[in-house]
Amino acid sequence: MNLNIEGDLNINIIPTESVPDMDSGSDPTDMIVMMLLSGKAPKVMKFAEADAVMPGFMERCVPVDFGNDGLTLYYPETKVMKLGKEVFLFGGAVICSEDEDGDLWSLSGGDIYDIFQYAEENAVMLCADGHNFPVIRI
């Protein structure tokens, strides 16, 4: 499948049926995940690439439900800021797809599209001490 967003970005997506979950004994490093980066477009990458950028993110980061389709956002506690009832991410985070048993799966094309839309709709610029910095409302 080829996904084209605003003519600027082409993404090749592996169907989820062909990518096994982590508990099946196969190599999880080929699973498709996404990285949210404040101030930048989300990145589609393999699990191994995300783990290289944020080593041990599954063990070291806070997992939170991200949407209603089994998506989980992993972020370092030190990279969020709470202002009133809102929470903002000002660092990197990884989004994975998990089933009800906690098994990880590659993101689907629909998941990737939804994450891109979410990132665009929730990109915010905050100002502190006269300096602007990009964040993502989570």
Side-chain angles (χ1 to χ4, degrees):
M1 178 166 93
N2 195 20
L3 177 65
N4 191 349
I5 300 175
E6 296 180 11
D8 296 0
L9 178 66
N10 288 310
I11 303 169
N12 291 317
I13 301 168
I14 301 169
T16 56
E17 294 80 28
S18 68
V19 181
D21 66 89
M22 287 183 70
D23 292 339
S24 69
S26 63
D27 188 1
T29 58
D30 287 336
M31 289 189 327
I32 303 299
V33 300
M34 285 187 77
M35 182 165 278
L36 280 182
L37 300 162
S38 53
K40 298 180 181 177
K43 287 185 172 186
V44 177
M45 58 182 56
K46 292 185 178 183
F47 184 92
E49 294 172 292
D51 197 49
V53 174
M54 291 177 60
F57 71 86
M58 292 195 71
E59 294 83 27
R60 298 177 49 220
C61 294
V62 177
V64 295
D65 287 338
F66 188 77
N68 55 3
D69 293 327
L71 298 181
T72 303
L73 175 75
Y74 289 89
Y75 65 87
E77 283 186 275
T78 59
K79 297 296 182 181
V80 295
M81 176 177 20
K82 295 178 183 178
L83 296 174
K85 294 181 181 181
E86 295 189 295
V87 179
F88 298 97
L89 173 69
F90 61 92
V94 178
I95 301 174
C96 299
S97 179
E98 295 185 29
D99 64 18
E100 59 277 350
D101 296 325
D103 297 331
L104 296 179
W105 293 83
S106 278
L107 295 173
S108 69
D111 293 336
I112 291 170
Y113 177 79
D114 290 345
I115 294 166
F116 269 102
Q117 275 198 299
Y118 179 88
E120 182 179 335
E121 292 169 1
N122 289 282
V124 177
M125 191 67 71
L126 296 180
C127 182
D129 295 329
H131 299 285
N132 291 333
F133 59 98
V135 296
I136 298 172
R137 182 182 299 116
I138 56 174

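Counted within 6.0 Å of CG on N122, heavy atoms from surrounding residues, nucleotides or ligands total more than 12; the atom is thus considered enclosed.
A donor-acceptor pair under 3.5 Å is absent between the side-chain atoms of D114 and the main chain of D111, judged by distance alone. Listed for the D129 side chain is no donor-acceptor partner under 3.5 Å among the backbone atoms of H131. Between the side chain of S97 and the main chain of L107, no donor-acceptor pair closer than 3.5 Å is present.
Just one of Y74, F57, W105 meets the ring-ring contact (aromatic ring centres under 6.0 Å, His included) condition when paired with F47; it is F57.
Distance check: L71 CG to D65 CG gives 9.0 Å after rounding to the nearest 0.5 Å.
In terms of hydrophobic clustering, with Ile, Leu, Val, Met, Phe, Trp and Tyr side chains grouped at heavy-atom distances under 4.5 Å, V87 and I95 are assigned to a common cluster. If you chain together hydrophobic residues whose side chains sit under 4.5 Å apart, I136 and F133 never meet in one group. Cluster membership check: L36 does not share its hydrophobic cluster with V135, using side-chain heavy-atom separations under 4.5 Å among Ile, Leu, Val, Met, Phe, Trp and Tyr. Hydrophobic clustering of Ile, Leu, Val, Met, Phe, Trp and Tyr side chains at less than 4.5 Å, counting indirect connections, unites L73 with V44. Both L104 and M35 are assigned to one and the same hydrophobic cluster, defined by single-linkage of ILVMFWY side chains at heavy-atom distances under 4.5 Å.
Residues V53 and K43 form no side-chain contact, since every pair of their non-hydrogen atoms from C-beta on lies 4.5 Å or further apart. The side-chain heavy atoms of I138 and V64, taken from C-beta on, include no pair separated by under 4.5 Å. Between V80 and V62, every side-chain heavy-atom pair lies at or beyond the 4.5 Å cut-off. You'll find the side chain of L89 stays beyond 4.5 Å of the side chain of S38, heavy atoms only. Between K46 and I32, some side-chain heavy-atom pair lies under the 4.5 Å cut-off.
Checked against the 6.0 Å centroid criterion, the rings of F90 and Y75 do not qualify as a close aromatic pair.
Across every non-hydrogen atom of C127 and N132, the tightest pair is CB-OD1, 3.4 Å. Nearest heavy atoms, M125 versus P134: SD-N, 3.5 Å.
With sequence neighbours left out, R137 forms a salt bridge (Lys or Arg N to Asp or Glu O under 4.0 Å) with E86. Under the salt bridge (Lys or Arg N to Asp or Glu O under 4.0 Å) criterion, E49 pairs with no residue, sequence neighbours left out. When the side-chain contact (heavy atoms from CB on, under 4.5 Å) test is applied to P76, the partners found at least two apart in sequence or on another chain are M54, C61, T78, K79.
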